[in-house]
Amino acid sequence: MQYTGARDLNMRTISKLPLAKLTLAFAIPALLLAHKAGPDPAVNGDPSSNALSCSQANCHVGTALNGGGGSIAVKSSTGGTTYTPGVKQTFTLTITDTASTTKLYGFQASIRVQGTNVQAGNFTAVSGSNTFVQCSDGRTRTAATCPTSVPIEYIQHGPNPTTNRTGIFTFDWTAPATAVGPVILYFAGNAANGDLDNTGDHIYNGRLTLTAATATPKPVIGAAISAGAFGAFTTFTGGSWIEIYGSNLAATTRQWAGADFNGNQAPISLDNVSVTVNGRPAYVWVLVHDATNGDQLNVQVPTDGAISGNAQIVVTLNGQSSDPFTIIENATFAGGLLAPGAFKIGSTHFIAGVFPDLDANRQPIFALAPGAIAGISARLAKPGDLVTFYGVGFGETQNRVQAGTIAPANEKLLNSMTWQIGSSNATVQFGGLAPGSVGLYQFNVVIPAVVPGLYKITVRVGGSAVVQDLTLQIGQ
């Protein structure tokens, strides 16, 4: 608890005491003032402490325990009531008391295996939080644990009680290395009025039960390819999008939302799922959890410069990491154009291009024969039409925009690009990152003067060619 000095005794009282009582009279203020360095052990309502916590004589006296009109609560950084063996979590303890505007706050907490007097895990003081750990014999803990003769630990407010007027304390707790069943965090806090009197202080206590979390199965990666709708290659380059398939890769199904971003930076973790490529964090866009057909992750790999050869992918879910999975990385280019599986009609795979205008329902119109694919608006492209195509993995841009960054406007490719419709060169009005996107490239292409028919598409960037076999149908 937080102590502000001697109670009951003042110089007038001391002057009236018989000489034989003076020694004791001076001893009691010294004892009480010593509490400024933090409370004695076992004043937080745990199994070995006074049931009244710090609401007792020679400590803090005021209203009845939990009768001051305020409250005390503890919240874990995990957001739940479980622990994972050997894993650290941070607790935030909050004392709320509005009865007086002049409050000095303190606390004490301990943690035991449920139904026992056995220490559960270990506390760690958070730097700058004015807290420390003491053992049940009153000594400050200086090693990783208290001595086996006095194993119980108490985390509590530190030596300067006037520094905390918020009623909020944080501290860390590392769970036991193995599951020990439920554990109980016992905690108590005070709101002292600082009047050097033993009245008017408010004491609150409570407890939080934590159960061992169900062990998360180890993620298993079965396959990894570049984005399926963009070629599904077995290679990628920095900034590419890849799809990862396997089991236990995710526990939820969703994709990122605006709240998951940090400014213009995409998230590297989504619902406790993270991915690394060669030890560097990737950007997690889509989670698919399907216990029947397997899980899927869509992630953008980091921009890591000119690296070629084997790359190691590792998926981590709820602290459990997969074995590394090897995929081939190309140093500069692994471009793929948007051509979903639905755009393969018979043996011909058409490229997915869209016109600048929208249909009556404000849906995109694809450069494709009308009715070729049910449920989409389409019309044939003609010479002179402007058609926009999309891709991934096309390499660096002029301003070296890094992976995981929302693209600005007019961010063009660093290397030159050419498009051919059949053997005819097409004019590329823009080739670069799609504004407002992450890792998606946009190509605005003017259809050259060719006769109606089916034409193969040839795209090169800086001498490297897209390897997809794609077709565009031209009308008149």
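Quick caveat: nothing in here was measured; it's all calculated off a predicted structure.
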Practice problem: Applying side chain to side chain donor-acceptor pair (under 3.5 Å), run through Asn330 and Thr235 and close with a yes or a no. | Solution: CA-CA 7 Å; Asn330 185 294; Thr235 61; 5.8 Å; no
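- The main-chain N or O of Gly294 is never found under 3.5 Å from a side-chain atom of Tyr245 such that the two would form a donor-acceptor pair.
- Nearest heavy atoms, Val299 versus Val284: CG1-CA, 4.0 Å.
- Distance OG1/Thr303 to OH/Tyr283: 7.0 Å, rounded to 0.5 Å.
- Side-chain atoms of Val459 and Phe389, non-hydrogen and from C-beta on, never get closer than 4.5 Å to each other.
- Put simply, the side chain of Cys146 does not reach to within 4.5 Å of the side chain of Ile152, judged on heavy atoms.
- Counting non-hydrogen atoms of other residues, nucleotides and ligands closer than 6.0 Å to CD1 of Ile268 gives a total of 12 or fewer.
- Proximity of a side-chain donor or acceptor of Asn361 to a complementary backbone N or O of Gln363 within less than 3.5 Å is not detected.
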Self-check item: Verdict with reasoning, Gln156 to Thr131, per side chain to side chain donor-acceptor pair (under 3.5 Å)
Solution: CA-CA 5 Å; Gln156 55 205 24; Thr131 62; over 6 Å; no
Practice problem: Could you go through the side-chain contact (heavy atoms from CB on, under 4.5 Å) check for Asp97 and Tyr204 one step at a time? | Solution: CA-CA 10 Å; Asp97 188 282; Tyr204 307 97; 2.4 Å; yes
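- Looking at Leu413 and Gln398, their side chains never come closer than 4.5 Å, going by heavy atoms from C-beta outward.
- Side-chain contact, Glu329 with Thr237: no donor N or O sits under 3.5 Å from an acceptor N or O.
- The backbone N or O of Ala120 sits less than 3.5 Å from a side-chain atom of Trp173, completing a donor-acceptor pair.
- When side chains are defined from C-beta on, Ile72 does not count as touching Thr94, because their heavy atoms never get closer than 4.5 Å.
- A parallel orientation is assigned to the rings of Phe443 and Tyr441, their planes being inclined by less than 30° (bins at 30° and 60°).
- In this structure, Asp295 contributes its side chain and Asn248 its backbone to a donor-acceptor pair below 3.5 Å.
- Aromatic ring centres of Phe171 and Phe107: separated by under 6.0 Å.
- A distance of 8.0 Å separates CG in Leu65 from CD1 in Ile203, rounded to the nearest 0.5 Å.
- Closest approach of Asn278 and Asn310 over heavy atoms only: OD1-O, 4.2 Å.
- A 4.5 Å side-chain heavy-atom check between Phe261 and Ile406 finds at least one atom pair inside the cut-off.
- With His202 contributing its side chain and Gly70 its backbone, the two residues share no donor-acceptor pair below 3.5 Å.
- More than 12 heavy atoms of other residues, nucleotides or ligands lie within 6.0 Å of CZ in Arg254, so this atom counts as buried by the packing criterion.
- Distance NZ/Lys218 to CG/Leu317: 13.0 Å, rounded to 0.5 Å.
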Quiz item: For Ile168 and Thr92, what are the C-alpha separation, side-chain angles and deciding distance, and is it a side-chain contact (heavy atoms from CB on, under 4.5 Å)?
Solution: CA-CA 7 Å; Ile168 300 174; Thr92 300; 3.8 Å; yes
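- The aromatic rings of Trp285 and Trp241 stand perpendicular to each other, their planes meeting at an angle above 60°, with 30° marking the opposite boundary.
- Across every non-hydrogen atom of Gln255 and Asp260, the tightest pair is O-OD2, 4.5 Å.
- At distances below 3.5 Å, not a single donor-acceptor pair connects side-chain atoms of Glu153 with backbone N or O atoms of Gln119.
- Using modelled atom types, no side-chain atom of Gln296 and backbone atom of Val288 make a donor-acceptor pair closer than 3.5 Å.
- Side chains of Val180 and Tyr83 form a contact here, defined as non-hydrogen atoms less than 4.5 Å apart.
- Using modelled atom types, one side-chain atom of Gln402 and one backbone atom of Arg400 make a donor-acceptor pair closer than 3.5 Å.
- Of all heavy-atom pairs spanning Ser240 and Gly393, the tightest one is OG-CA, 3.4 Å.
- Rounded to the nearest 0.5 Å, atoms CD1 (Ile244) and CG (Leu249) are 7.5 Å apart.
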Quiz item: Step by step, would you call Leu414 with Thr397 a side-chain contact (heavy atoms from CB on, under 4.5 Å)?
Solution: CA-CA 4 Å; Leu414 177 64; Thr397 57; 5.7 Å; no
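- Between Leu208 and Thr81, the closest side-chain pair of non-hydrogen atoms falls below 4.5 Å.
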Practice problem: Check the pair Asn66, Asn205 against side chain to side chain donor-acceptor pair (under 3.5 Å), reporting the backbone distance first and the verdict last. | Solution: CA-CA 7 Å; Asn66 295 315; Asn205 70 358; 3.0 Å; yes
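- Summarising the geometry, atom CG belonging to Asp271 is positioned 3.5 Å from atom OG1 belonging to Thr252; distances are rounded to the nearest 0.5 Å.
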Practice problem: Show the numbers, then the answer: is there a side chain to side chain donor-acceptor pair (under 3.5 Å) between Ser48 and Asp46? | Solution: CA-CA 6 Å; Ser48 63; Asp46 70 9; 3.2 Å; yes
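- In this structure, Ala177 and Pro85 approach most closely via the heavy-atom pair O-CB, 3.3 Å.
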Practice problem: Evaluate the side-chain contact (heavy atoms from CB on, under 4.5 Å) criterion for residues Ile155 and Phe91: first the C-alpha distance (whole Å), next the side-chain angles of each, then the deciding distance (0.1 Å), finally the verdict. | Solution: CA-CA 11 Å; Ile155 183 83; Phe91 290 110; over 6 Å; no
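- In this structure, the separation between CG on Asn293 and OG on Ser247 is 12.5 Å, given to the nearest 0.5 Å.
- A donor-acceptor pair under 3.5 Å is formed between the side chain of Asp290 and the backbone N or O of Thr292.
- Proximity of a side-chain donor or acceptor of Gln89 to a complementary backbone N or O of Thr78 within less than 3.5 Å is not detected.
- Residues Ser110 and Asn44 bring a donor and an acceptor atom of their side chains to less than 3.5 Å of each other.
- Smallest separation of non-hydrogen atoms from Thr253 and His289: OG1-N, 2.9 Å.
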Quiz item: ring-ring contact (aromatic ring centres under 6.0 Å, His included) between Phe366 and Phe350: does it pass, once the steps are laid out?
Solution: CA-CA 11 Å; Phe366 287 88; Phe350 291 93; over 10 Å; no
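- You'll find the side chain of Val466 reaches within 4.5 Å of the side chain of Phe394, heavy atoms only.
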